[in-house]
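Everything on this sheet refers to the single structure shown next.
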Amino acid sequence: MSLRTSQQPAADIRLPADINWEMLDKSKFFIFGAALFSGVSATLYPVVVLKTRQQVSLTHQSCMSVGVNILRHDGFSGMYRGFGTSLMGTIPARALYMSALEITKSNVGNTAVRLGFSEPVAAAVANAAAGLSAAMAAQLVWTPVDVISQRLMVQGGQGMSQISTNYSGGIDAFRTIIKTDGLRGLYRGFGMSILTYAPSNALWWASYCMTQRMVWAGLGYFRNRDEQMKESFVPTSKMVVAVQGLSAAMAGGGVFPHYRPS
């Protein structure tokens with residue numbers, strides 16, 4: 001399922017072959033992936049706290065007002081209430097997501113090619129199936145993590161909906177939920193999460209795959225319009241990253257605005 005194979009005749013661009021699951025260095029893949037994703041989560045977490053508090057507020061409050069209230073009553077640490085629980089769940093959830101994504105993409109892609117589908121169609125189908133399975137696998141971890149971390153986010157907030165229990169931390173919240181509601185309490189909203197994230201992830205990955213091909217084809221077309229530029233074009237690693245970033249942004253903006261890769 002090499003992008004290079006499918007596009008070289010038309011665009012004359014020599015791209016590196018796609019990396020499949022068997023070719024990955026699993027230790028680097030998970031360690032670096034978890035580190036990068038954790039960094040992104042830490043950067044964006046205060047935004048999640050503000051959004052969650054706004055959603056459960058008993059009165060209408062602006063984002064600025066919510067932020068000021070948090071800093072006034074809880075200090076800067078209030079912006080990271082529940083972050084430890086979220087971070088602990090991020091690593092296994094991300095591992096599940098990426099494992100399911102890559103394994104499904106490789107297996108479905110190879111099967112689709114053997115069934116006679118063209119390489120571009122097989123790639124799109126494989127990416128859609130991979131996004132679907134990855135989202136479903138990750139929600140097995142993300143839903144309990146969300147339930148616990150969101151309860152920690154909103155407890156003690158001024159003007160928030162009342163929570164009958166004050167938790168001392170994520171472990172205390174976990175034990176209390178299990179004691180009062182059982183395992184089902186940790187999976188409140190699981191069905192809706194699947195209905196939200198599974199189709200959206202499938203659409204995003206399929207769209208990303210097709211958009212990336214369109215971008216490379218466009219680059220090859222514009223390059224080859226000049227009769228003096230007929231040699232094969234080997235893009236640099238920076239160009240590959242730039243095209244991938246552009247394709248991701250186009251796929252996210254064009255398919256759905258609330259994508260979260262779990």
Original post:
Looking at residues at least two apart in the chain, or sitting in another chain, which of them share a ring-ring contact (aromatic ring centres under 6.0 Å, His included) with F174?
Top reply: none

**OP:** Check whether L140 and I194 end up in the same hydrophobic cluster, where Ile, Leu, Val, Met, Phe, Trp and Tyr are linked by side-chain heavy atoms less than 4.5 Å apart.
**Re:** yes

Subject >> In one Ile/Leu/Val/Met/Phe/Trp/Tyr side-chain cluster, 4.5 Å: L152, I178 >> reply: yes

Subject >> Minimum heavy-atom distance A198-M136, with the two atoms named >> reply: CB-CG, 4.0 Å

Subject >> Other residues, nucleotides, ligands: >12 heavy atoms within 6.0 Å of L71 CG >> reply: yes

Side chains of residues 85-92: which donor-acceptor pairs under 3.5 Å do they make with residues two or more places apart or in other chains?
| residue | atom | partner | partner atom | Å |
| --- | --- | --- | --- | --- |
| T90 | OG1 | S86 | O | 2.8 |

Original post:
Which heavy-atom pair separates S62 from Q54 by the least distance, and what is that distance?
Top reply: C-NE2, 3.5 Å

Original post:
If you look at every heavy atom in P144 and Q139, which pair is closest and at what distance?
Top reply: CD-O, 4.0 Å

Original post:
Distance-only, no hydrogens or angles: does the Y167 side chain make a donor-acceptor pair with backbone N or O of T176 under 3.5 Å?
Top reply: no

Original post:
Which distance, rounded to the nearest 0.5 Å, do you find between the CE of M79 and the CG of L50?
Top reply: 4.5 Å

Subject >> S99 side-chain N/O to L96 backbone N/O, donor-acceptor pair under 3.5 Å >> reply: no

Original post:
If you look at every heavy atom in Y45 and M153, which pair is closest and at what distance?
Top reply: OH-CE, 3.2 Å

Subject >> L183 with V147, same ILVMFWY side-chain cluster at under 4.5 Å >> reply: yes

Original post:
Are R53 and D74 within salt-bridge range, i.e. N to O under 4.0 Å?
Top reply: yes

Subject >> Over 12 non-hydrogen atoms of neighbours within 6.0 angstrom of OH in Y80 >> reply: yes

Original post:
Can you find a heavy atom in the side chain of R81 that is under 4.5 Å from one in the side chain of I70?
Top reply: no

Subject >> Heavy-atom donor-acceptor pair, Y197 side chain to M192 backbone, under 3.5 Å >> reply: no

**OP:** Following the transitive rule for hydrophobic clusters with a side-chain heavy-atom cut-off under 4.5 Å over Ile, Leu, Val, Met, Phe, Trp and Tyr, establish whether V121 and M210 coincide in one cluster.
**Re:** no

Subject >> Co-membership, hydrophobic cluster, residues F190 and I148, 4.5 Å side-chain >> reply: yes

